[in-house]
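See below for the structure under consideration.
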Protein chains: 2
Amino acid sequence: MPSSKPTSVTMDAVYAAPGYLFRRMQQIAVALFVEECKAFDLTPVQYAALVAISTHPGIDATRLSAVIAFDRSTLGNVIERLEAKEFITRKPTLEDRRVKLLYLTKAGAAALDNIMPSVEKAQARMLQPLKPADRKTLLALLTQLVDLNNEASRVPLRAEDALEHLGKSG
Amino acid sequence: MPSSKPTSVTMDAVYAAPGYLFRRMQQIAVALFVEECKAFDLTPVQYAALVAISTHPGIDATRLSAVIAFDRSTLGNVIERLEAKEFITRKPTLEDRRVKLLYLTKAGAAALDNIMPSVEKAQARMLQPLKPADRKTLLALLTQLVDLNNEASRVPLRAEDALEHLGKSG
DNA sequence: TCCATATTGTCAGTATGCTGTCAATCTCAA
DNA sequence: TTGAGATTGACAGCATACTGACAATATGGA
């Protein structure tokens, strides 16, 4: 039974690794979102962006990326697609000719209203298999962990950044 | 306070949604993995594939996709890259001319040995911010949830599939 | 004012992930 | 044995994600 080779990794070790479990849950979460929301032509990412733009009308792309913890590069394409669907508009500003401010269109606002119940159903389904008490525990620990690990990701969440554009001319 | 408009979503609702938290933790987990393992030229996905091939020498791509819960399409590219790095080899078989069996090369086995400590360090860092007891709780709930939601993802985990190829000629 | 520096949106390149399709091949029942 | 149906690897197309670079523009100090 003993061997001269280094201890080899087993699949069980992989299955028990937090990184593997997070990847798997992300996979599952997206699948459930897509299944519940397929009628609305919005991905989870596009949905989050839409909510942020709805909450912060006139935000610019860089600020938006901080508010939803998205890479700036990735966000460019997301914005492009949301604009193609006519859910948002991009308006240049005279104050700073580099930035383009983002606004929800009527269609975008309507889409948001319509999709909400399905999003909530998807979110509920993710935790459904757990007992209610366990759901609360998991959610609390996860929230805590994401917050404490915020700086570890390339694009940390900066919810406050959303307010910056208000102070510019106000 | 009452309004004729539908209740609008807030960012706080997004931040508290399990789907958002899972996406965020996945982001963080990958960032930590890459940071710890950047010297080894292996992504988390490539690492998992390598472990599975190491554990199941002579597995084919379809079986492999079931063992690590990966889309078959995606896996093709992953295998391609692992082959380009000469960490694995693909060998056609006479029994079934459609399949190509996967084997670790010496370089692949060495890479796996070398990267292991860094992988473990990355995995540990993900949960580091939590109290030890909370880490155990989170891990247990997460394992449970992933298992119970297994069928929800497009590519459910089928760990047993790995053994199928053994029965063929044995 | 002018210039070093920073910021903004964009782009190219790489790597997951998913849907859907296809040709080659295998299997099994009629 | 043969032909319908399943399986396999491959591919095209779309949508995240990240790295690194770039031109246009802004900003603040010398």
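Proteins come first, then strands; the chains are lettered A, B, ... in the order of their sequence lines, and each starts at number 1.
Contact annotation: Arg63(A) reaches the phosphate of dT8(C) (side-chain N/O to OP1 or OP2, under 4.0 Å). For dA15(C), neither phosphate oxygen OP1 nor OP2 lies less than 4.0 angstrom from any side-chain nitrogen or oxygen of Arg23(A). For the pair Gln26(A) and dA17(D), the criterion of a side-chain N or O lying under 4.0 Å from OP1 or OP2 is met. Gln27(A) has a side-chain polar atom (N or O) that falls below the 4.0 Å cut-off from OP1 or OP2 of dC18(C). The side chain of Arg98(A) places no N or O atom within less than 4.0 Å of a non-bridging phosphate oxygen (OP1 or OP2) of dT10(C). In terms of phosphate contacts, Arg72(B) brings no side-chain nitrogen or oxygen within less than 4.0 Å of OP1 or OP2 of dG17(C).
Contacts between residues 36-46 of chain B and DNA chain C, defined by a heavy-atom separation under 4.0 Å, are made by Thr43(B), Val45(B), Gln46(B).
In this structure, the ring of Tyr15(B) has its center less than 6.0 angstrom from the ring center of Tyr20(B).
Side-chain proximity of Lys100(A) to dT25(C), dA17(D), dG9(C): nearest is dG9(C). Closest to the Asn77(B) side chain, of the nucleotides dC18(D), dG9(C), dT16(C), is dT16(C).
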Side chains of residues 37-49 of chain A: which donor-acceptor partners sit under 3.5 Å, not counting sequence neighbours?
unit_1, atom_1, unit_2, atom_2, d
Lys38(A), NZ, Glu35(A), O, 3.2
Thr43(A), OG1, Gln46(A), N, 3.1
Gln46(A), OE1, Thr43(A), N, 3.4
Gln46(A), OE1, Lys85(A), NZ, 2.7

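Interatomic distance, CZ of Arg63(B) versus CZ of Arg158(B), reported as 12.5 Å (0.5 Å rounding).
Taking only distance into account, the side chain of Ser73(A) meets the base of dG20(D) through a donor-acceptor pair shorter than 3.5 Å. With hydrogens and angles ignored, no donor-acceptor pair under 3.5 angstrom links the side chain of Arg97(B) to the base of dT25(C).
For Ser65(A) (side chain) and Asp71(A) (main-chain N/O), no donor-acceptor pair under 3.5 Å exists by modelled atom type. Listed for the Asp60(B) side chain is no donor-acceptor partner under 3.5 Å among the backbone atoms of Leu102(B).
Toward the 5' end of DNA chain C, the nearer of the two residues Val34(A) and Gly76(A), judged by each one's closest nucleotide, is Gly76(A).
Within a 6.0 Å radius of CD in Gln128(B), other residues, nucleotides and ligands contribute more than 12 heavy atoms.
Backbone-only engagement by Val78(A) is indicated by non-hydrogen atom pairs under 4.0 Å involving sugar-phosphate atoms exclusively. Across all strands, Thr62(B) comes closer than 4.0 Å only to sugar-phosphate atoms, never to a base (heavy-atom distances).
In secondary-structure terms, DNA chain C builds stems of at least 3 consecutive Watson-Crick or G-U pairs, each pair having both distances under 3.5 Å, at C:1-30 with D:1-30.
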